[in-house]
Amino acid sequence: MSRIETIPVDQSFADTLVSALTYPLRGAALATCLVLTVLHYADLLPFVGGLISIALWAATWRYAADCLLHTSHGYFQPPDVVIQVNTSQGWWLSLIHVLGFVFCLVYAVLWPHTLPLFLLLVVLVLPAIDMSMALDGHAWMALNPAHWVAIIGKFGVAYLIPVIVNVILSALMYVSMRWSAQLPNLLAQPVACFLVTYLIILGFHLMGVMVYQRHEHFGLVPEAQELVAKSGQNDDQQLLVRVAAIEASDPDAAISLLVERMQGRHAPAEFHQAYQRLLRKQGHRDALLEHGHIWISALMADGEPRRALGVLQGCSEDDPDFMPDDPSTVHQLADLAGRLGMARLALRLCKGYLARWPREQDAVSSGLLAVRLLSGPLDRPAEAQVLLAKLMAAYSEHPQHSDMHILQLKLQSSPGTS
């Protein structure tokens, strides 16, 4: 079973907000935003465009409700599929929000003097209605004022947070729609739809986090926590606690516990970090570097090159000549280090590639990257020209030889070179 990412129950609101900003751009949520955005081009069709638009916005509200429910069960990632089969949920949420807007317009015409009070009431009860529809799926319960009071009571003063968030998101929706209206129609349509869909999902996710943090008040047993317990992730945390407790008195036993765990199923990063820390503390340099090779390979296989680069930096502190044992990995990490401004590390990787694997397919690319690093951020143009001359001599028949020649002319014409 893959590792289940859960939301920390005690996460601060600031951390929650920062994490939430990327929520609509992760996994299935991003796919949903993009698909709905593309489908909204159908709004431009005559006659049926309006009906299609209504159905798409109902689908948007429905997925947002799924996100709220999924989040309230403690899941960090957005849902891949519909959690509860309740096809009316999206329609009711769409209808409620449209009617709320219509009622505000009617009230503004009939009783303009008390409009601020009516708007305040709508703003206050709308989060409670949204949460009720997402959690229970019953429209009449969601529209029951007594149920609003019950939900607000479960939050207390903290209920003002989703209220304020909803107001801010509504204002952002209005601004995004006004801004997108300045664009050409074919571009304005998808831009507005994407931004509004993003904000709707964001708002419902934030409400879901607040429900999760108070799940006892709602009678919820977070599903994610139950799955974590069954998968053994809680056992992992207990093992880490045990390692921390004995590492000072019996470090070899602590290392053995970590090795035993890492030899089994996929181990979280905390185990690798603890293992490296203990090896470094005990002076087991060879084992530390061997583990570095294994961990970097695993991270690259998992598509996490940035973390692999961090492991490489740590191993390089223990051995300045440390180099991953796979040429493809070295080339990718050198390119990444160069793009991240880590020019010295990138140069070392490029030179290491040329020294160890001069006949591999990325040797010339690594050499040219080294030349660019020397002539650019490292400001060593003379060394760059020497290296480039060696490359041109060693790879005179290579398809990139013309690129080398162009780069040579550029270096020769640059100020400060002789």
Side-chain angles (χ1 to χ4, degrees), residues 2-3 5 26-27 255 258-259 261-280 284-378 380 383-384 387-388 390-392 394-395 398-401 403-404 407:
S2 60
R3 184 170 176 82
E5 295 184 79
R26 297 199 297 259
I255 289 173
L258 292 171
V259 170
R261 169 62 184 86
M262 290 188 295
Q263 287 177 341
R265 64 188 187 279
H266 177 75
E270 293 90 341
F271 284 88
H272 293 280
Q273 292 164 352
Y275 183 63
Q276 287 219 327
R277 187 185 70 251
L278 284 172
L279 290 177
R280 189 172 285 112
H284 299 322
R285 178 176 175 273
D286 291 341
L288 178 65
L289 298 178
E290 181 183 356
H291 174 260
H293 285 293
I294 297 171
W295 194 11
I296 288 172
S297 297
L299 289 171
M300 294 300 289
D302 290 340
E304 298 188 73
R306 286 184 180 241
R307 291 183 62 187
L309 192 60
V311 176
L312 171 63
Q313 283 183 287
C315 291
S316 297
E317 293 174 3
D318 298 289
D319 179 7
D321 296 323
F322 177 84
M323 186 81 61
D325 49 17
D326 177 59
S328 175
T329 295
V330 173
H331 180 67
Q332 291 180 59
L333 293 181
D335 181 66
L336 177 60
R339 286 188 282 113
L340 293 178
M342 303 161 67
R344 294 185 183 279
L345 177 59
L347 178 63
R348 185 172 71 80
L349 291 172
C350 290
K351 287 186 172 182
Y353 192 110
L354 287 171
R356 296 189 184 195
W357 306 288
R359 296 303 166 194
E360 289 291 330
Q361 62 177 1
D362 292 318
V364 172
S365 297
S366 296
L368 290 175
L369 175 58
V371 171
R372 293 188 182 97
L373 290 167
L374 287 167
S375 62
L378 295 176
R380 289 147 59 181
E383 190 176 341
L387 177 57
L388 182 56
K390 291 180 179 179
L391 288 174
M392 294 179 72
Y395 301 97
H398 196 275
Q400 287 183 277
H401 194 268
D403 295 335
M404 299 183 215
L407 185 55

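- Annotation for A346 and G338: closest pair CB-N, 3.6 Å, computed over non-hydrogen atoms.
- Shown here are the side chain to side chain donor-acceptor pair (under 3.5 Å) partners of D403, two or more places apart in sequence or in another chain: there are none.
- Closest heavy-atom contact between G367 and L387: O-CD2, 4.1 Å.
- Contact detail for H401 and M392: the closest heavy-atom pair is NE2-O, 3.5 Å.
- Nearest heavy atoms, P324 versus V330: O-CG2, 3.5 Å.
- Legend: residues meeting side chain to side chain donor-acceptor pair (under 3.5 Å) with D325, ordered by chain and number and at least two apart, are absent.
- Here the CG-NE2 distance, from L278 to H284, works out to 9.0 Å after rounding to the nearest 0.5 Å.
- Of all heavy-atom pairs between A308 and L333, the closest is CB-CD2, 4.2 Å.
- Under the side-chain contact (heavy atoms from CB on, under 4.5 Å) criterion, A384 pairs with V371, L374, S375, L411, not counting sequence neighbours.
- Applying the salt bridge (Lys or Arg N to Asp or Glu O under 4.0 Å) test to R26 and every residue at least two apart in sequence or in another chain returns nothing.
- Residues P305 and L309 form no side-chain contact, since every pair of their non-hydrogen atoms from C-beta on lies 4.5 Å or further apart.
- Residues satisfying the salt bridge (Lys or Arg N to Asp or Glu O under 4.0 Å) criterion with R306, sequence neighbours excluded, are absent altogether.
- D318 approaches R285 most closely through the heavy-atom pair O-NE, 3.4 Å.
- Partners of R344 under the side-chain contact (heavy atoms from CB on, under 4.5 Å) rule, at least two apart in sequence or in another chain, are L378, R380.
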Show every donor-acceptor pair shorter than 3.5 Å between a side-chain atom in residues 287-301 and any protein atom, with sequence neighbours excluded, or say none if there are none.
| unit_1 | atom_1 | unit_2 | atom_2 | d |
| --- | --- | --- | --- | --- |
| H291 | ND1 | Q276 | NE2 | 3.2 |
| H291 | NE2 | H272 | ND1 | 2.9 |
| S297 | OG | H293 | O | 3.0 |

Donor-acceptor pairs under 3.5 angstrom involving side-chain atoms of residues 348-366: please list them, not counting sequence neighbours.
| unit_1 | atom_1 | unit_2 | atom_2 | d |
| --- | --- | --- | --- | --- |
| R348 | NH1 | P320 | O | 3.1 |
| R348 | NH1 | F322 | O | 2.8 |
| R348 | NH2 | S316 | OG | 2.6 |
| R348 | NH2 | F322 | O | 3.4 |
| K351 | NZ | E383 | OE2 | 2.9 |
| Y353 | OH | D362 | N | 3.4 |
| S366 | OG | H331 | ND1 | 3.1 |
| S366 | OG | D362 | O | 2.9 |

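- Residue pairs satisfying the salt bridge (Lys or Arg N to Asp or Glu O under 4.0 Å) criterion with at least one member in residues 293-304, sequence neighbours excluded, are listed as follows: E304-R307.
- Rounding to the nearest 0.5 angstrom, the gap separating the CG atom in L369 from the CZ atom in R339 is 10.0 Å.
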